[in-house]
Amino acid sequence: MLMAARRPTLAAIALPAILLLASAPGLDAAGPPATPTPSHNEVLQSPAGITEVGLLNGASYRIDIPLHWNHSLVVFYHGYALQPVSYHIAARLAGQEQPFFERHYAVIQSAFSKTGWALEQAYPETDALRRYFIKKYGQPNETYVAGGSMGGQLVAVTLELNPKPYLGGLDLCGSVGPTYVNFDHRFAMRAAFDYYFPGVMPPLVPVPASFEDTIADRDKVFDALRADPAAATAMRNLTGLHNDANLAHDIAYWTFIVKDLQQRAGGNPFDNRNFVYNGTSPSSAGDDFELNEKVRRYTASPQARAYMLHHYTPTGRLGRPMLALHTIYDPIVQLSQLELYEDEVQVAGAEQNLVQQVVDREGHCDFTQDEIGDAFDAMVRWAKGGPRPVPGVIKP
């Protein structure tokens with residue numbers, strides 16, 4: 001029997017979450033592994049403070065300590081990267097991490113040893129960097145964790161698996177919640193696109209290893225959408241995306257993600273056999289019936305499926321306060337993901353540790369530096385026993 005695809009029941013995700021916790025990556029019942037030593041590094045002292053870059057356990061890293069350091073630390077996770085992230089010692093911080101540095105916090109970040117959905121590498125490699133920082137620069141008075149997009153998911157992962165070193169966390173536009181829910185949905189939407197626009201994109205199982213999500217790929221999708229407005233409208237209705245530009249971006253991007261997970265998992269981890277497509281037309285269910293009848297259905301490899309469940313199915317057991325900041329419309333990380341994670345946190349009895357705020361703006365991670373800084377300040381006050389941030393919409 002077909003199951004509703006919009007929001008899975010919590011019962012369906014509880015068992016994988018428990019299994020994951022028992023074998024969490026990077027944690028050991030006997031304690032953390034030994035603190036690694038960089039294979040090479042360089043340090044620059046400037047009027048802004050100290051910057052160190054290097055290679056730790058195969059992952060590039062960067063450490064920034066401001067001149068007037070407050071002796072506290074922010075551990076920062078970057079988002080999903082199609083290409084390797086690199087750090088240049090002479091470059092000043094200019095991204096989501098800049099407001100923390102300006103508030104006199106040291107900031108550390110790992111590039112991760114692999115690109116893509118690198119939760120398997122990102123969590124243990126970043127924790128190794130945190131331990132290295134302590135060994136070299138001393139134990140911080142306070143430590144916080146922050147990250148954007150995939151990095152926001154890693155904030156939740158960290159505060160579930162290893163909350164003890166931290167006082168709190170800031171999730172910026174995070175792709176939180178069960179990986180399989182979000183990625184199954186993206187896979188199903190790509191399969192629907194193939195029904196409406198056959199032959200435009202490469203095969204879905206497996207996606208060719210040569211596929212790279214280029215501007216040319218997105219332009220090809222965009223041109224196909226413009227050539228068939230009725231099908232494009234059905235796809236926008238189905239995905240909830242506002243325009244063809246967002247849809248063209250996401251179809252190519254989702255294809256790359258599917259390839260990434262297939263390669264990581266050693267097979268196809270996606271399954272749309274029980275996915276019910278609905279909402280293609282606001283006035284008639286006939287189009288939904290036809291799509292569900294004719295769309296190609298795929299079966300997941302059990303071994304590959306297990307990999308995706310492991311990286312990562314949350315428990316909802318947030319061990320420290322986490323403030324989640326999103327835009328009201330995000331074409332890449334939709335708010336429904338955060339709603340599902342909130343349900344998990346409530347079932348786990350940790351709802352006192354989650355506050356969600358939404359900026360009244362469209363775009364993925366489209367925050368101002370002031371908005372990030374204000375959210376961080378509110379989280380810090382809350383984590384230190386101050387007032388709980390007010391949830392809901394924040395006006396720009």
Side-chain angles (χ1 to χ4, degrees), residues 4 6-22 24 27 74-75 77 119 123 142-182 185 309 311-328 330 333-360 365 367 371-372 374-394:
R6 289 297 180 187
R7 287 181 70 174
T9 63
L10 291 173
I13 63 178
L15 181 58
I18 293 171
L19 292 176
L20 177 67
L21 185 65
L27 293 181
V74 173
V75 175
Y77 291 107
L119 272 61
Y123 170 76
E142 302 165 1
T143 302
Y144 300 92
V145 59
S149 197
M150 182 186 76
Q153 168 75 310
L154 283 158
V155 172
V157 169
T158 299
L159 296 181
E160 287 189 1
L161 297 184
N162 189 27
K164 186 176 180 180
Y166 301 92
L167 284 186
L170 179 61
D171 155 28
L172 299 168
C173 53
S175 183
V176 298
T179 294
Y180 76 92
V181 174
N182 178 25
H185 183 267
L309 289 173
H311 304 288
Y312 177 76
T313 302
T315 66
R317 300 187 189 118
L318 278 175
R320 293 288 187 270
M322 185 179 85
L323 177 59
L325 188 69
H326 284 247
T327 54
I328 203 162
D330 187 326
V333 179
Q334 297 180 338
L335 280 175
S336 58
Q337 296 178 227
L338 190 59
E339 294 168 0
L340 178 57
Y341 186 62
E342 180 187 21
D343 290 346
E344 295 175 318
V345 171
Q346 290 181 351
V347 169
E351 64 272 15
Q352 74 280 0
N353 281 336
L354 178 63
V355 170
Q356 304 176 42
Q357 293 183 338
V358 180
V359 176
D360 190 8
C365 299
F367 309 121
E371 287 165 348
I372 294 173
D374 290 346
F376 180 75
D377 291 341
M379 181 273 293
V380 169
R381 289 193 295 268
W382 176 32
K384 295 168 72 171
R388 179 184 179 91
V390 178
V393 176
I394 299 173

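Heavy-atom basis, side chains included; hydrogens, waters and symmetry copies ignored.
- Going from atom OH of Y144 over to atom CG of L170 covers 12.0 Å, rounded to the nearest 0.5 Å.
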Open item on the list: Using the rule given for side-chain contact (heavy atoms from CB on, under 4.5 Å), can you reason through F367 versus V359, listing the C-alpha separation, both sets of side-chain angles and the distance that settles it, and then say yes or no?
Closed with: CA-CA 8 Å; F367 309 121; V359 176; 3.9 Å; yes
Open item on the list: Assess the residue pair D171 and L338 against the criterion (side-chain contact (heavy atoms from CB on, under 4.5 Å)); give the C-alpha distance rounded to whole Å, side-chain angles, the decisive distance to 0.1 Å, and a yes or no.
Closed with: CA-CA 10 Å; D171 155 28; L338 190 59; 4.3 Å; yes
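- Although no hydrogens or angles enter the test, the distance criterion places no donor-acceptor pair under 3.5 Å between the side chain of Q356 and the main chain of P391.
- For Y123 and Y312, the ring centers sit 6.0 Å or farther from each other.
- The residue from E342, E344, Q346 that alone fulfils the side-chain contact (heavy atoms from CB on, under 4.5 Å) condition with L354 is E342.
- For the pair N353/R317, no side-chain contact is recorded, criterion being any heavy-atom separation below 4.5 Å from C-beta on.
- Considering every non-hydrogen atom in both A350 and G316, the closest pair reads CB-O, 3.6 Å.
- Partners of S175 according to the side-chain hydrogen bond (donor to acceptor under 3.5 Å, both in side chains) rule, which considers only residues two or more places apart in sequence or in another chain, are N182, Q337.
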- [ ] Determine, step by step, whether L325 and I394 satisfy the side-chain contact (heavy atoms from CB on, under 4.5 Å) criterion, reporting the C-alpha distance in whole Å, the side-chain angles of both residues, the deciding distance to 0.1 Å, and the verdict.
- [x] CA-CA 10 Å; L325 188 69; I394 299 173; 4.1 Å; yes
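- Note that the CZ atom of F376 and the CZ atom of R381 stand 11.0 Å from one another [nearest 0.5 Å].
- P321 approaches A383 most closely through the heavy-atom pair CG-CA, 4.1 Å.
- Between the CD atom in E371 and the CD atom in Q357 there is a gap of 10.5 Å [rounded to 0.5 Å].
- Here the shortest heavy-atom pairing between G177 and P314 reads C-CG, 3.5 Å.
- For Y166 against R320, the heavy-atom pair with the smallest separation is O-NE, 2.6 Å.
- Within the model, atoms NE2 of H326 and CD of Q334 stand 12.0 Å from one another, a figure rounded to the nearest 0.5 Å.
- Nearest heavy atom pair, residue E142 against residue L167, reads CG-CD1, 3.7 Å.
- Heavy atoms only, all atoms of each residue included: A378 and L323 are closest at CB-CD2, 4.5 Å.
- Rounding to the nearest 0.5 Å gives a distance of 6.0 Å between CG of L318 and CG of L159.
- Test V345, V176, V181, L335 against L340 for side-chain contact (heavy atoms from CB on, under 4.5 Å) and you get one pass: V181.
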